[in-house]
Structure formats: C-alpha cells, structure tokens
Amino acid sequence: MTSAFDENIALVLHKIDDLRLEPVPINEPKDGEVLLEMQSVGICGSDVHYWKRGCIGDFVVRAPMILGHESAGKVIKVGPNVKHLKEGDRVTIEPGVPCRRCDFCKTGRYNLCADVVFLATPPVHGSIARYHTHAADFCFKLPDHVTYEEGAFCEPLSVGVHACRRAGVTIGSTVFITGAGPIGLVSMLAATAMGADAIIMTDISQSRLDFAKKVGATHVVLADNDAEKTAKRVIETLGSMPRISIECSGAESSIQATFYATISGGVVVLVGLGRPLVSLPIVNAAVREIDIRGVFRYANCYPAALSLIASGRIDVKPLITHRYNIKESVQAFQMAESGQAIKVMIYCGKDAQK
Ligand code: NAD
Ligand code: ZN
C-alpha cells in the first residue's frame with residue numbers, strides 16, 4: 001500500500017535553515033494547466049539564498065514554501081482546454097507565468113509583468129516535488145534525445161540567452177564576462193553559440209576559472225580587488241578592449257571592472273545582483289557612451305535555449321557536477337551551498353535514477 005508520503009513529497013522551506021521533505025497535496029490541473037510528474041530540478045543560487053537568509057530583497061519567506069524552479073517533468077494529466085500537450089509528453093517548465101494581459105506581456109517583455117507568478121519566489125511554491133501543476137503554455141516539449149536534466153538546464157541557459165540578446169552578441173563579438181558561476185558560464189556558452197569570437201572571463205576563484213576554460217572560455221583572468229587593474233589585465237590578455245561586458249558576479253569591484261574594460265560605444269549588461277547601491281565610474285561611462293542594460297530573468301528565451309541544447313550547439317552536461325535523489329534534498333542543498341558544485345540536480349521521479 002502507498003502512503004500519502006509516497007504519493008507526493010516536496011522540499012518545503014519553513015524558515016531560515018529549516019528545510020523539510022514532507023507530504024503535500026496533489027493539485028488537479030485547472031483550465032489550461034497540466035499535472036506533471038516531476039523528474040529533474042536544478043538548485044539555483046536563489047534557492048540556497050532563501051534557505052540560508054529567508055529573503056531576497058523584498059521577497060521574504062513568510063509561510064512554508066516549496067523550493068526549486070529549474071525543472072522538467074512528464075505530463076500525466078491535462079486540464080481543460082490544453083491543446084498542445086498530452087499525457088506522456090516530456091517537457092521543460094518555464095517557471096514564470098505572467099498575466100498575459102498587461103502592456104509588458106502584450107509587447108513581449110513579459111519578464112517585466114508586475115503580476116508574474118514565478119516558482120519558488122515567495123509566496124509561490126516551487127517545483128521540488130513529485131507532482132506539480134503548471135500552465136501548459138509555459139511547458140515546452142522535449143525532443144526524445146534531450147534528457148530531463150538538460151530540460152531543467154533550459155532555465156539558467158535562458159538567462160544567458162537573454163543576457164546575450166540584450167548585449168547584442170553576434171558573429172565576431174568580443175565579450176568580457178565577470179563571474180564564472182553557473183550564470184557566467186551559461187552566458188559564455190550562449191555567447192559562443194551566438195557567434196562570439198573571444199570570451200574572457202574573470203573570477204576570484206582560480207578553480208572556477210580553470211573550469212570555465214575547460215568548458216569553453218577562450219581566456220581567463222584572476223580578478224584583482226582593484227577594478228582598474230582587473231580591466232587592464234583583461235585588455236592586455238584579450239589584446240583589445242571588449243565591445244560587450246556581461247557582469248555575472250554582483251560584486252562591486254567586478255561591476256566597476258566592466259565599465260573600465262568596455263570599449264567606447266560598447267555595452268555593459270548587468271546580470272549579477274549584489275548590493276542595491278554601488279559606486280560606479282559613471283562619468284567615464286557617460287563620456288565614452290557606454291550603454292548600460294539590465295537583465296531580469298528572460299522572456300521568449302526557452303525555445304532558443306532548448307534548440308541550442310537539442311541541436312548540440314550547447315552542451316550543458318559538463319556543468320552538472322552533482323546529482324541527488326529527492327529524498328537526499330538537504331544534502332543536495334548542502335553541496336550547492338558549499339561552493340564546490342557548479343550545478344546540482346535533484347531527481348524527483350518515483351523511479352528516478354540518482
Ligand atoms: P555564483 O555565486 O555561483 O557565481 C558568482 C561567481 O562570481 C563566483 O564564482 C564568485 O567567485 C565570482 N565572484 C565573486 N566576486 C567576484 C569579483 N570581484 N570578480 C569576479 N568574480 C567574482 O552565482 P550564479 O548563480 O552564477 O549567479 C551570478 C549572479 O547572477 C548572482 O548575483 C545572481 O543573483 C545573479 N542572477 C541574476 C539573474 C537576473 O535575472 N538578473 C538571474 C540569475 C542570477
Ligand atoms: Zn503582464
């Protein structure tokens with residue numbers, strides 16, 4: 001006999017440092033929704049942040065919340081009016097479902113929708129569970145040869161695709177990326193696939209730089225505390241000033257380095273989210289006509305991210321360094337927090353392999 005615990009279990013964050021695997025109800029798919037048997041969910045820095053700090057900016061965990069938003073699963077039931085999916089379809093899940101009615105939604109910048117419902121952003125539950133219901137139009141069918149964990153990777157990869165689109169990466173671009181964590185790495189992979197010639201990455205960790213070099217960065221440089229020194233090293237190593245800089249660390253000195261390094265008329269894209277107020281060489285940027293562009297998640301990037309993976313133009317598999325079963329979720333989070341992993345995947349399926 002199966003117990004309720006076996007029917008649906010989820011990883012619930014009750015409060016700071018208090019993560020519990022516990023039974024939760026299985027929801028019926030509503031109009032336009034599908035019920036999914038979850039398979040792979042990646043751990044994001046934000047999941048770890050909610051666990052250890054209980055908040056990100058104004059988003060505060062006030063009630064128990066299921067974590068996880070980088071996910072893929074199998075459709076096991078379709079709700080009314082779902083046309084493009086059927087039982088048995090394998091899908092990747094875009095975690096942010098916007099209102100579809102406001103000007104941002106109607107003009108395609110739905111990531112800016114004020115009413116977006118985003119998984120594992122309080123008070124919305126995430127997807128580290130055996131079962132999860134989701135808007136069917138934010139589920140994308142995986143080709144047979146794409147694995148669930150590659151499907152889950154479409155989430156962070158979409159951030160990289162969006163950052164490169166915002167930056168205008170194209171054939172022959174020279175790109176400077178600060179921070180060789182998962183987000184810096186997916187930005188590097190997306191930039192490579194979009195035609196960039198040279199991609200130089202910085203980090204304060206030599207092991208992260210070694211990894212970046214192994215998976216495709218053309219150049220790496222250890223960041224200095226002094227931003228101007230870092231920029232100088234970047235320019236010397238690259239042999240020219242990069243036209244595009246993508247900041248993926250959130251560190252103040254690193255943001256400053258992108259401004260100093262970028263060629264006049266170039267672009268700085270801000271992906272990293274650190275302290276809310278930082279000091280920047282703004283006159284330098286103004287008189288050299290540096291364009292500064294923000295990035296908030298992504299919009300319309302899942303199909304591109306999936307196509308890059310499905311076609312083999314991007315291989316995300318080397319970035320998946322650790323795998324756990326849902327029952328070992330707390331260990332998985334400890335590993336993600338340790339800084340030793342790049343991407344930790346949790347397998348949620350009933351007969352999930354590790
Ligand atoms: P991470 O912490 O794994 O990686 C950050 C990397 O930056 C680390 O390897 C760290 O060693 C490095 N770093 C720290 N200080 C540095 C410095 N001074 N110079 C160069 N490198 C330095 O985080 P991640 O998951 O890769 O995410 C990166 C950033 O992107 C975070 O700030 C995260 O909040 C942000 N993010 C933003 C969005 C968005 O929509 N804008 C989406 C996802 C993540
Ligand atoms: Zn909207």
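Numbering of ligands and ligand atoms starts at 1, following listing order. No hydrogens, no waters, no symmetry mates; every other heavy atom, side chains included, goes into these values.
Which parts of ligand 1 touch Ala251 is read off a 4.0 Å heavy-atom cut-off, strictly below it: atoms 15 (N), 16 (C), 17 (C), 18 (N). The distance from ligand 1 to the heavy atoms of Phe296 drops below 4.0 Å at these ligand atoms: 40 (O). Close approach of ligand 1 to Gly179 (heavy-atom distance below 4.0 Å) involves ligand atoms 6 (C), 7 (O), 21 (N). Within ligand 1, the atoms closer than 4.0 Å to a non-hydrogen atom of Ser253 are 18 (N), numbered from 1 in the order shown. Taking every non-hydrogen atom of Gly181 and a distance limit under 4.0 Å, the qualifying atoms of ligand 1 come out as 3 (O), 4 (O), 6 (C), 9 (O), 26 (O).
Taking a cutoff of 4.0 Å between a charged side-chain nitrogen and a carboxylate oxygen, Lys232 and Glu228 do not qualify as a salt bridge. With salt bridges taken as basic N to acidic carboxylate O contacts below 4.0 Å, none links Asp17 and Lys15. Between Asp210 and Arg208, no side-chain nitrogen of the basic residue sits less than 4.0 Å from a carboxylate oxygen of the acidic one, so the salt-bridge criterion is not met. Taking the charged nitrogens against the carboxylate oxygens, Asp115 and Arg101 have no contact shorter than 4.0 Å, which rules out a salt bridge. Residues Glu7 and Arg130 are not paired through a salt bridge, judged by the lack of any N-O separation under 4.0 Å between the basic side chain and the carboxylate. Salt-bridge check for Glu149 with Arg323: passed, with a basic side-chain N closer than 4.0 Å to an acidic carboxylate O.
Aromatic ring orientation, Tyr110 versus Phe138: perpendicular (interplanar angle above 60°, classes split at 30° and 60°). Between His322 and Tyr324, the two ring planes are parallel [angle under 30°; tilted spans 30° to 60°].
Ligand 1 has Ser254 within reach: a non-hydrogen atom of the residue lies less than 4.0 Å from it.
Within the 4.5 Å cutoff, the side chain of Thr230 has no heavy atoms near those of the Tyr260 side chain.
Met345 and Leu142 end up in the same hydrophobic cluster when Ile, Leu, Val, Met, Phe, Trp and Tyr side chains are linked at under 4.5 Å. When the side chains of ILVMFWY residues are joined at heavy-atom separations under 4.5 Å, either directly or via intervening members, Val316 and Val215 end up in a single hydrophobic cluster.
Any N or O atom pair closer than 3.5 Å counts here, and Pro182 shares at least one such pair with ligand 1. When only interatomic distances are considered, the shortest N/O to N/O separation between Val295 and ligand 1 falls below 3.5 Å. Close N/O approach between Gly184 and ligand 1 is not found [any backbone or side-chain N/O within under 3.5 Å]. For ligand 1, the polar-atom distance check finds an N/O of Arg297 within less than 3.5 Å of one of the ligand's N/O atoms.
Nearest non-hydrogen protein atom to atom 30 (O) of ligand 1 is Gly272 CA, 3.6 Å. Closest to atom 31 (C) of ligand 1 among all protein heavy atoms lies Leu273 N, 4.1 Å. In terms of protein heavy-atom proximity, atom 9 (O) of ligand 1 is closest to Asp203 OD2, 2.7 Å. Scanning the protein heavy atoms around atom 42 (C) of ligand 1, the nearest turns out to be Val159 CG1, 3.9 Å.
Tested against Lys77, the residues Glu28, Glu87, Glu37, Glu33 include a single side-chain hydrogen bond (donor to acceptor under 3.5 Å, both in side chains) partner, Glu28.
Contacts between Ala223 and ligand 1 below 4.0 angstrom, taking non-hydrogen atoms only, involve the side chain exclusively. Contacts of Thr178 with ligand 1, taken as heavy-atom pairs under 4.0 Å, are absent altogether. Residue-level proximity to ligand 1 for Ser249 is carried by backbone and side chain together, each with a heavy atom below 4.0 angstrom.
Around the Zn ion (ligand 2), the protein atoms of type N, O or S found under 2.8 Å away are Cys99 SG, Cys102 SG, Cys105 SG, Cys113 SG, listed by chain and number.
Between Gly160 and Ser187, the shortest heavy-atom distance links the atoms CA-OG, 3.7 Å.
Scanning for side chain to side chain contact (heavy atoms under 4.5 Å, CB included) contacts around Asp197 gives an empty result, with sequence neighbours left out.
Within the 4.0 Å cut-off (strictly below), no protein heavy atom is located near atom 2 (O) of ligand 1.
By heavy-atom distance, the residue among Ile183, Val271, Val221 lying nearest atom 35 (C) of ligand 1 is Val271. In the candidate list Ala336, Ser187, Cys248, Ala257, Cys248 is nearest to atom 28 (C) of ligand 1, counting heavy atoms.
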After noting the C-alpha distance and the side-chain angles of Thr202 and Thr178, does the key distance pass the side-chain hydrogen bond (donor to acceptor under 3.5 Å, both in side chains) rule? CA-CA 5 Å; Thr202 54; Thr178 52; 5.0 Å; no
